[in-house]
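Working notes, structure below.
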Protein chains: 2
Amino acid sequence: MKLSEGVEQAIHCVAMLSQLSEDGVLSAAALAEFHGVKTSYLLKHLQALSGAGVLRTLPGPKGGYRLARAPQSISLLDILLAVEGPEPAFRCQEIRQRGPNPLPVKPRGPCQINAAMLRAEQSYRAELRRTSIADVLTEVAAKDEDGAIEARGCAFLAVHERRQGG
Amino acid sequence: MKLSEGVEQAIHCVAMLSQLSEDGVLSAAALAEFHGVKTSYLLKHLQALSGAGVLRTLPGPKGGYRLARAPQSISLLDILLAVEGPEPAFRCQEIRQRGPNPLPVKPRGPCQINAAMLRAEQSYRAELRRTSIADVLTEVAAKDEDGAIEARGCAFLAVHERRQGG
DNA sequence: GATTTTGTACTCGGATAGGAAGTGTCCGAGTACACATGG
DNA sequence: CCATGTGTACTCGGACACTTCCTATCCGAGTACAAAATC
């Protein structure tokens with residue numbers, strides 16, 4: 001029950017991309033440098049986000065990544081599913097039907113243990129679904145009384161953001 | 001975000017152990033045979049459950065495992081934590097403080113991204129905490145209209161259960 | 001025959017190999033800019 | 001001087017090694033029963 005580190009990196013990247021201008025993009029190298037992570041590894045997750053329709057990519061020099069839609073409509077669940085895949089954490093192996101004396105007939109309903117675990121996971125996903133990147137940024141801004149976090153992000157964007165002027 | 005197969009096996013084993021008499025025990029070999037899984041691997045998780053205080057062990061011949069407390073007071077969360085460990089799935093690496101230009105001062109509060117992910121996980125755990133093994137068995141019995149599942153369990157227990165007579 | 005002693009068989013417990021998935025790295029396809037060249 | 005063609009540098013994209021954790025396995029410690037020897 002461990003999430004890969006890519007999830008955290010992906011969320012931070014999406015949060016950062018939310019703060020650039022409408023026509024701006026940010027390269028994977030810049031994102032990796034800002035977060036102090038390996039570019040090659042981050043690329044894998046950025047590609048996953050791009051494939052999932054969360055990010056939009058712009059090839060070529062002056063290229064990079066930007067959000068595919070507004071931060072209000074990007075949930076943490078979208079990012080999680082893009083990076084970790086859609087399959088649930090608990091995968092019922094139907095061990096009821098295994099062993100030397102399995103259930104003679106195929107059980108009518110699903111395994112109740114599986115149902116209970118999936119119920120919990122639905123609760124987990126529901127919480128992530130109702131939390132958008134915009135919400136997270138709002139919380140960050142609320143706690144960022146001295147503006148240090150915002151200042152850091154702005155300073156970095158001022159240097160590395162690429163405007164598609166025209 | 002994948003749970004190990006041991007979690008499912010552990011839950012099924014605890015459910016089975018809930019159905020034997022007060023002074024009965026079941027060996028790991030029997031549990032493994034019933035569920036069609038490898039004994040050696042199951043032992044690892046049974047030991048984890050034992051170490052977590054969910055199961056109680058009885059050594060020697062005629063030995064085996066039994067519940068350490070009533071099924072009503074054993075939650076799915078207890079089993080999950082015993083098998084997977086207590087640390088949360090999302091582990092914040094505090095990448096805010098990494099990179100070439102980290103936050104100059106240690107952030108006042110925790111990372112809001114971490115907070116949001118942990119909030120979701122709390123929801124997940126809360127759901128598992130309020131679901132006891134007894135609840136699961138109740139649901140199973142409710143769906144088991146023809147009694148096939150119960151009959152299968154009883155037949156197996158009749159052969160493999162060991163009573164500590166006296 | 002009853003008791004004690006010994007031996008054995010069975011259990012759990014922890015330490016030890018193998019394999020899948022996450023982590024980290026590489027090279028290739030594509031595009032925009034810059035420069036050189038020709039008109 | 002302007003337009004065009006070409007070259008280069010930079011980007012993302014997917015395919016390839018390495019490490020960690022899950023999976024699978026083995027051997028050792030401990031206990032209860034059973035049998036044998038002794039009183």
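Quick note on labels: first sequence line is chain A, next is B, and so on, each numbered from 1.
- Along DNA chain C, the nucleotide nearest B/Y65 and the nucleotide nearest B/P61 are compared for position; the residue whose nucleotide lies closer to the 5' end is B/P61.
- Applying the side chain to side chain donor-acceptor pair (under 3.5 Å) rule to pairs touching residues 52-71 of chain B yields B/R69-B/D78, sequence neighbours excluded.
- The interatomic distance linking A/L43 (CG) with D/dA15 (C1') rounds to 14 Å, in whole Å.
- Applying the side-chain hydrogen bond (donor to acceptor under 3.5 Å, both in side chains) rule to B/E127 yields the partners B/R130; only residues at least two apart in sequence or on another chain are considered.
- Alongside B/L58, the hydrophobic cluster contains B/V25 (criterion: ILVMFWY side chains under 4.5 Å).
- The side-chain hydrogen bond (donor to acceptor under 3.5 Å, both in side chains) search around A/S123 returns B/S123, not counting sequence neighbours.
- Within the 4.0 angstrom heavy-atom criterion, only backbone atoms of the sugar-phosphate kind lie near A/R162; the bases stay farther away.
- From the 5' end on, the contacts that DNA chain C makes with chain B at under 4.0 Å to a non-hydrogen atom open and close at C/dA9 to C/dG22.
- Take A/E84 and apply the side-chain hydrogen bond (donor to acceptor under 3.5 Å, both in side chains) test, not counting sequence neighbours, and it matches A/S4.
- Side chains of B/S132 and B/D135 form a contact here, defined as non-hydrogen atoms less than 4.5 Å apart.
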List every contact pair, protein side and nucleotides 20-24 of chain D side both N or O, where the distance is under 3.5 Å.
unit_1: D/dT23; atom_1: OP1; unit_2: B/E5; atom_2: N; d: 3.2
unit_1: D/dT23; atom_1: OP2; unit_2: B/Y41; atom_2: OH; d: 2.2
unit_1: D/dT23; atom_1: O5'; unit_2: B/Y41; atom_2: OH; d: 3.1
unit_1: D/dA24; atom_1: N6; unit_2: B/K44; atom_2: NZ; d: 3.0

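- In this structure A/F90 satisfies the ring-ring contact (aromatic ring centres under 6.0 Å, His included) test with no other residue, sequence neighbours excluded.
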Donor-acceptor contacts under 3.5 Å from residues 6-22 of chain B side chains, at least two apart:
unit_1: B/E8; atom_1: OE1; unit_2: A/Q93; atom_2: N; d: 3.0
unit_1: B/E8; atom_1: OE2; unit_2: A/Q93; atom_2: N; d: 2.9
unit_1: B/S18; atom_1: OG; unit_2: B/V14; atom_2: O; d: 2.8
unit_1: B/S21; atom_1: OG; unit_2: B/E161; atom_2: OE2; d: 2.4
unit_1: B/S21; atom_1: OG; unit_2: B/R163; atom_2: NE; d: 3.4

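- Heavy atoms of A/A28 sit under 4.0 angstrom from primed sugar atoms or phosphate atoms, though from no base atom.
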